[in-house]
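Atoms considered below: every heavy atom in the structure, side chains included; atoms not considered: hydrogens, waters and symmetry mates. Each ligand, and each atom within it, is numbered from 1 in the order the structure gives. What you see is a predicted model; the values in this text were computed from it and never measured.
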Amino acid sequence: MTETLKGNALLQNGTLSKGTAYTAEERKALGLTGLLPPMPASIGMQEEAMMEVYHSFSTPLQKSIFLDALRAANETLFFRMLMDNVDELLPVVYTPTVGDFCKQYSHLLRFPRGMFLSIEDKGHLAEILNNAPQKEVDMIVVTDGERILGLGDLGINGHGIPVGKLVFYTVCAGVDPAKCLGITLDVGTNRERYLKDPLYLGHRHERVRGKEYDEFIEEFFQAVKAKWPNCAIQFEDFANQNAFRLLDRYRNRYACFSDDIQGTAGAVVAGFFSACRAKGTKVSDERIMFLGAGESGTGSSRLLVEAMKEEGLTEEEARSKIWLFDINGPISTRRSDIADYMKPFAKDVDPSLTFEAYVDLVKPTAIVGLSTCGGAFTESIVRKMAAMNDRPIIFALSNPNSHSECSAEQAYEWTDGWALFCSGSPFEPVTYNRKTFVPRQGNNYFIFPGIGLGAILSGCTGIPPEVLLLASHTVADCVTDADLAQGSLFPPSSFMRKISHDIAVNVIRNAQKTGRCARTDIPADLDQYVTDYMYSPEYR
Ligand SMILES: NC(=O)C1=CN([C@@H]2O[C@H](COP(=O)(O)OP(=O)(O)OC[C@H]3O[C@@H](n4cnc5c(N)ncnc54)[C@H](OP(=O)(O)O)[C@@H]3O)[C@@H](O)[C@H]2O)C=CC1
Ligand SMILES: CC(=O)C(=O)O
Ligand SMILES: [Mg+2]
């Protein structure tokens, strides 16, 4: 129906509108004559003008509010601008700015995008999905808003995250934005501030848990799959008490995966491949201490074990090289409060000592922060790492920047420029001792767009570790010696589409090999199959 839109209705439709770019002939045919200034603009002119406006705003939040409005007016131009200015614009659409946007989402919302499904709607989800803004959906990113970045429970205000993650699907993996759907499941919030905020737009009650929550999630999956049988689903920023359970429950039934558990793991291992290349070592040579034993810390540890096994270690040998810590100290067999998913990494060690005390005892070659705790890698800890290692590996991966375990500047300064560093959110290049370091982000965005793309095109259930490991290799293989020389452990953004394409091909190939492919219409030439699917922002 939308294809026949004309006149003002067409101009106001952000998915279809070309704004000022309609030619004189198109204007005549579409009833647009007189509705626009007379001279048609090219998309290049539109982009130049919008970048001028963008640069006129002084704060990242203002810039992101502007981009949100631009997207509502002309989605093609929005994506074109993003693709042409990835490094400049993505931090404004994604972390760190998306964190500020989310915190105030109910106050800022002007252009609703995606869907909100409330536990109050239980029993009616199938019917409500009929109101989806798009007819065909290939990719869903879903959250219940309980662990948004390192910011904790944001309730429905976390909706900026599924929307922001889906931007990567389009920019990096070429999934048509018209086939992407961000969904927030509103099951309440335990954040006092929002419960008391008169402008908060979610239901004001505590989070629903237990049987009722589980039934709601089950209904969600069944309703989604009945409506869009071929779509893939990415779990995002659920709290760990649900994230592991839900992944285990649904991974063998549907094309779904957890970005925080699995995507992060792929990125962390890619970072290790690069860091070890810079050091001239192997991953299995490392002794690694993780601050944070949740979804991302445990997920990454599991995949590091696989990487070490690939290099010849046994499971037990590999686990012995990885130490996990949570807010209460080391994951120790002497503790009674550790969750099942941590148990494979529990060691028979004193639970009363601090992370720093264990740095002295374990003498790690690498510390990885996935703790949400900004500043947790103190000067004292980082200096000890530098004293014990020629090239200490320091990954401060918590988001946004205010939650980074240390900043790039601190990492280089406290190690006299020897740190092999990356961070979850971007830091500006750092000049130390006349050398400029470019610490690119260690973020799951290198992995999830390709995994999701492969899941869409194969309909595969589950993403096995060997596929994640291949994804890590794909990312690390794009890092050049020149990248390493300037301290970059990840490739530049210009590689993102190639990386996502190659990861997707591996996802499909593995699904075919292991009989997990739901789709029966896959052609033999997988490269071409994936390439043909990938969208580029051109006016429709
Ligand atoms: N760079 C990237 O690509 C990614 C980064 N992240 C970031 O990692 C962080 C954690 O995410 P995720 O693993 O999913 O979250 P979880 O809630 O699953 O895990 C957080 C872990 O950190 C521990 N922790 C919390 N506070 C402290 C503290 N003060 N000292 C030591 N440990 C602490 C928690 O312990 P306890 O459970 O006992 O409270 C828990 O083990 C977030 O900031 C997120 O933004 C996540 C995914 C990807
Ligand atoms: C990057 C990401 O997924 C997170 O911080 O949760
Ligand atoms: Mg996340």
Could you check [atom] against the protein and tell me its nearest heavy-atom contact, residue, atom and distance included?
{"atom": "atom 5 (O) of ligand 2", "answer": "Asn399 ND2, 2.8 Å"}
{"atom": "atom 10 (C) of ligand 1", "answer": "Leu370 O, 3.4 Å"}
{"atom": "atom 26 (N) of ligand 1", "answer": "Ser371 O, 3.3 Å"}
{"atom": "atom 29 (N) of ligand 1", "answer": "Cys373 SG, 3.4 Å"}
{"atom": "atom 39 (O) of ligand 1", "answer": "Ile327 CG2, 3.6 Å"}

Enumerate the atoms of ligand 2 whose separation from the nearest heavy atom of [X] is less than 4.0 angstrom.
{"X": "Lys165", "value": "1 (C), 2 (C), 3 (O)"}
{"X": "Asp259", "value": "3 (O)"}
{"X": "Asp260", "value": "2 (C), 3 (O), 4 (C), 6 (O)"}
{"X": "Glu236", "value": "3 (O)"}
{"X": "Asp237", "value": "6 (O)"}

Test of proximity, Asn443 against ligand 2: N or O pairs below 3.5 Å
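The answer is no, given that Asn443 and ligand 2 share no N or O pair closer than 3.5 Å.
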Does the N or O separation between Tyr94 and ligand 2 drop below 3.5 Å for any pair?
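Tyr94 vs ligand 2: no N/O contact under 3.5 Å.
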Is the ring pair [X]/[Y] parallel, tilted or perpendicular, if the boundaries are 30 and 60 degrees?
{"X": "His205", "Y": "His203", "result": "parallel"}
{"X": "Phe448", "Y": "Phe168", "result": "perpendicular"}
{"X": "Phe273", "Y": "His473", "result": "parallel"}

Counting only nitrogen or oxygen atoms and a 3.5 angstrom limit, does [X] reach ligand 1?
{"X": "Glu295", "result": "yes"}
{"X": "Phe325", "result": "no"}
{"X": "Arg147", "result": "yes"}

Taking just the N, O or S atoms of Glu236, which one is nearest to the Mg ion (ligand 3)?
OE2
Give the intermediate values and the outcome of salt bridge (charged side-chain N to carboxylate O under 4.0 Å, His left out) for residues Lys165 and Asp237.
CA-CA 11 Å; Lys165 291 275 177 181; Asp237 289 7; 5.9 Å; no
Within ligand 1, which atoms have a heavy atom of [X] less than 4.0 Å away?
{"X": "Gly150", "value": "42 (C), 43 (O), 45 (O)"}
{"X": "Ala293", "value": "21 (C), 40 (C), 41 (O)"}
{"X": "Gly442", "value": "1 (N), 2 (C), 3 (O)"}
{"X": "Asp260", "value": "47 (C)"}
{"X": "Asn240", "value": "16 (P), 17 (O), 18 (O), 19 (O)"}
{"X": "Leu291", "value": "31 (C)"}
{"X": "Gly424", "value": "1 (N)"}
{"X": "Thr372", "value": "9 (C), 10 (C), 25 (C), 26 (N), 42 (C), 43 (O)"}

Is it true that, when you exclude Glu206 itself, more than 12 heavy atoms of the residues, nucleotides or ligands shown sit nearer than 6.0 Å to its CD?
no
Crowding at CD, Glu409 (>12 non-hydrogen neighbours, <6.0 Å):
no
Backbone N/O of Val93 and side chain of Thr97: donor-acceptor pair under 3.5 Å
no
Donor-acceptor contact below 3.5 Å, side chain Thr298 vs main chain Ala293
yes
Could you check Ser106 against Asn157 for side-chain hydrogen bond (donor to acceptor under 3.5 Å, both in side chains), going step by step and ending with a plain yes or no?
CA-CA 6 Å; Ser106 290; Asn157 284 350; 2.7 Å; yes
Establish, from distance only, whether the side-chain atoms of [X] and [Y] form a donor-acceptor pair under 3.5 Å.
{"X": "Glu356", "Y": "Ser380", "answer": "yes"}
{"X": "Thr143", "Y": "Glu236", "answer": "no"}
{"X": "Tyr213", "Y": "Asp144", "answer": "yes"}

Can you check side-chain hydrogen bond (donor to acceptor under 3.5 Å, both in side chains) on Thr264 and Asn444, steps first, answer last?
CA-CA 5 Å; Thr264 313; Asn444 49 28; 3.1 Å; yes
Would you please determine whether His403 falls within less than 4.0 Å of ligand 1 on a heavy-atom basis?
no
Worked verdict on Asp68 versus Arg71 for salt bridge (charged side-chain N to carboxylate O under 4.0 Å, His left out)
CA-CA 5 Å; Asp68 189 43; Arg71 180 172 182 181; over 6 Å; no
Could you tell me whether Phe395 and Phe272 have their ring centroids closer than 6.0 angstrom?
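Between Phe395 and Phe272, the centre distance is under 6.0 Å.
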Of the listed options [options], closest to [atom] (non-hydrogen atoms):
{"atom": "atom 9 (C) of ligand 1", "options": "Ala376, Cys422, Ser398", "result": "Ser398"}
{"atom": "atom 2 (C) of ligand 1", "options": "Val268, Ile148, Asn399", "result": "Asn399"}
{"atom": "atom 12 (P) of ligand 1", "options": "Ser296, Gly292, Gly294", "result": "Ser296"}

If I take every N, O or S atom of Asp237, is at least one of them less than 2.8 Å from the Mg ion (ligand 3)?
yes
Are Thr436 and Gln486 close enough, and set up right, to give a side-chain hydrogen bond (donor to acceptor under 3.5 Å, both in side chains), and what steps lead you there?
CA-CA 7 Å; Thr436 297; Gln486 61 173 16; over 6 Å; no
Take Thr184 and His159 through the side-chain hydrogen bond (donor to acceptor under 3.5 Å, both in side chains) test and state the conclusion after the steps.
CA-CA 6 Å; Thr184 289; His159 192 65; 2.6 Å; yes
